[in-house]
Amino acid sequence: MQNDRRRQHAGGLSLVETLVAMVIIGLTIAAIVAGTAAFTQAGGAGLDLSTAEFLIEEIRELTAPLPVIDPENGTGVFGPESGEGSVAAYDDVDDFDGAAFCPPIDIHRNPLNDFATLTQRITVENVDVADLTQVRSDHTTDFVRVTVEIVRHGQVLSSCSWIRTRS
């Protein structure tokens, strides 16, 4: 009779063994779900950053062929001249000072409606020739720093600056 009990016990798992196996499987599934959520979140952040960099490059390429100061009025005005109320009329880099585009614009000044939750915020400021981190009064130096920030719901996703010279 003891032989029969051993055979029955040897053929299956006890309740405790079954519970331990279920806990291990449950923890494994929870770890997989947590890992997947972390990878999804990281992927979303990567997509936001690459989109922001793309939108910064659109402004850089848009302003690259433009002169730094107005070709007609020279240093008379910093920012858009009268009659340049829309981005289509901007004819120099300093016209973009203080501009914010929501939806963002592309290199051809067309709105990118697919990115309507993002804003391109642009600052153009004169900087010191000897110290490019020091801001100077408008049109007092030959160097300007162009800064583009990509913003969503008041939070800056990415920012980039570059230096342009009047010459």
Trainee: Do Ile29 and Val23 sit in one hydrophobic cluster, given that two such residues count as connected whenever their side-chain heavy atoms are within less than 4.5 Å of each other, even indirectly?
Mentor: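 Ile29 does not cluster with Val23.
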Trainee: Do Val148 and Cys160 come within less than 4.5 Å of each other through their side chains, counting heavy atoms only?
Mentor: no
Trainee: Do the side chains of Val151 and Ile56 join up, straight or via other hydrophobic residues, at under 4.5 Å, putting them in one cluster?
Mentor: no
Trainee: Please round to the nearest 0.5 Å and tell me the distance separating atom NE2 of His139 and atom CD1 of Ile69.
Mentor: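 Reported to 0.5 Å precision, the distance equals 6.5 Å.
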Trainee: Counting C-beta onward and ignoring hydrogens, is there a side-chain heavy-atom pair between Arg60 and Glu57 closer than 4.5 Å?
Mentor: yes
Trainee: Which residues pass the side-chain hydrogen bond (donor to acceptor under 3.5 Å, both in side chains) test with Thr123, not counting sequence neighbours?
Mentor: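 Partners of Thr123 by the side-chain hydrogen bond (donor to acceptor under 3.5 Å, both in side chains) criterion come out as none, since no residue qualifies.
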Trainee: Compare all side-chain heavy atoms of Val135 with those of Arg145 and state whether any distance is below 4.5 angstrom.
Mentor: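 The answer is yes, as the side chains (C-beta and beyond) meet within the 4.5 Å cut-off.
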Trainee: Determine the minimum heavy-atom distance between Leu62 and Asp106, stating which atoms define it.
Mentor: CD2-O, 4.2 Å
Trainee: Tell me the closest heavy-atom pair linking Pro103 and Ala116, and the distance in Å.
Mentor: CB-CA, 3.9 Å
Trainee: Below 30° counts as parallel, above 60° as perpendicular, anything between as tilted: where do the rings of Phe115 and Phe54 land?
Mentor: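 Phe115 vs Phe54 ring planes: tilted.
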Trainee: Rounded to the nearest 0.5 Å, what separation is found between the CZ atom of Phe78 and the CG atom of Asp97?
Mentor: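 It comes to 5.0 Å.
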Trainee: Between Asp95 and Tyr90, is there a donor-acceptor pair closer than 3.5 Å when you use the side chain of the first and the backbone of the second?
Mentor: no
Trainee: Can a donor-acceptor pair be found, under 3.5 Å and without considering hydrogens, that links the side chain of Arg166 to the backbone of Val68?
Mentor: no
Trainee: Please check if any side-chain donor atom of Ser158 sits under 3.5 Å from a side-chain acceptor atom of Glu53, or the reverse.
Mentor: yes
Trainee: Are the side chains of Glu125 and Asp138 in contact, using a 4.5 Å heavy-atom criterion?
Mentor: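 No, side chains not in contact.
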Trainee: Is it true that a side-chain atom of Glu149 and a backbone atom of Val156 form a donor plus acceptor pair closer than 3.5 Å?
Mentor: no
Trainee: From the options Asp131, Asn126, Thr141, Asp128, select the one residue that forms a side-chain hydrogen bond (donor to acceptor under 3.5 Å, both in side chains) with Arg136.
Mentor: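 Between Arg136 and the candidates, side-chain hydrogen bond (donor to acceptor under 3.5 Å, both in side chains) is satisfied uniquely by Asp128.
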Trainee: Under the 3.5 angstrom rule, does the side chain of Ser14 hit a backbone N or O of Glu17 as a donor-acceptor pair?
Mentor: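 Yes; at least one donor-acceptor contact below 3.5 Å.
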Trainee: Quick check: is Leu157 connected to Leu49 through a chain of hydrophobic side chains (ILVMFWY, heavy atoms under 4.5 Å apart)?
Mentor: no
Trainee: Please name the pair of heavy atoms, one in Ser50 and one in Leu47, separated by the smallest distance, quoted to 0.1 Å.
Mentor: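 Result for this residue pair: OG-O, 3.1 Å.
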Trainee: Looking at Arg164 and Phe143, would you say the former's side chain and the latter's main chain have a donor-acceptor pair under 3.5 Å?
Mentor: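 No: the side chain of Arg164 does not pair with the backbone of Phe143.
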Trainee: Any heavy-atom pair between the side chains of Thr147 and Ser159 that's under 4.5 Å?
Mentor: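 Touching, per the 4.5 Å side-chain cut-off.
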Trainee: Tell me, do Asn110 and Ile105 make a side-chain contact under 4.5 Å, heavy atoms counted?
Mentor: no
Trainee: Between CD1 of Ile150 and OG1 of Thr51, what distance do you get to the nearest 0.5 Å?
Mentor: 10.0 Å
Trainee: Can you confirm whether Val127 sits close enough to Thr133 that some side-chain heavy atom of one is under 4.5 Å from a side-chain heavy atom of the other?
Mentor: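 Answer no - side chains too far apart.
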Trainee: Side-chain contact test, heavy atoms from C-beta onward, threshold under 4.5 Å: evaluate it for Asp91 versus Leu66 and give yes or no.
Mentor: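 Sidechains of Leu66 and Asp91: no contact.
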Trainee: Using modelled atom types and a 3.5 Å cut-off, is there a donor and acceptor pairing between side-chain atoms of Gln120 and backbone atoms of Leu55?
Mentor: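 A pair under 3.5 Å: yes.
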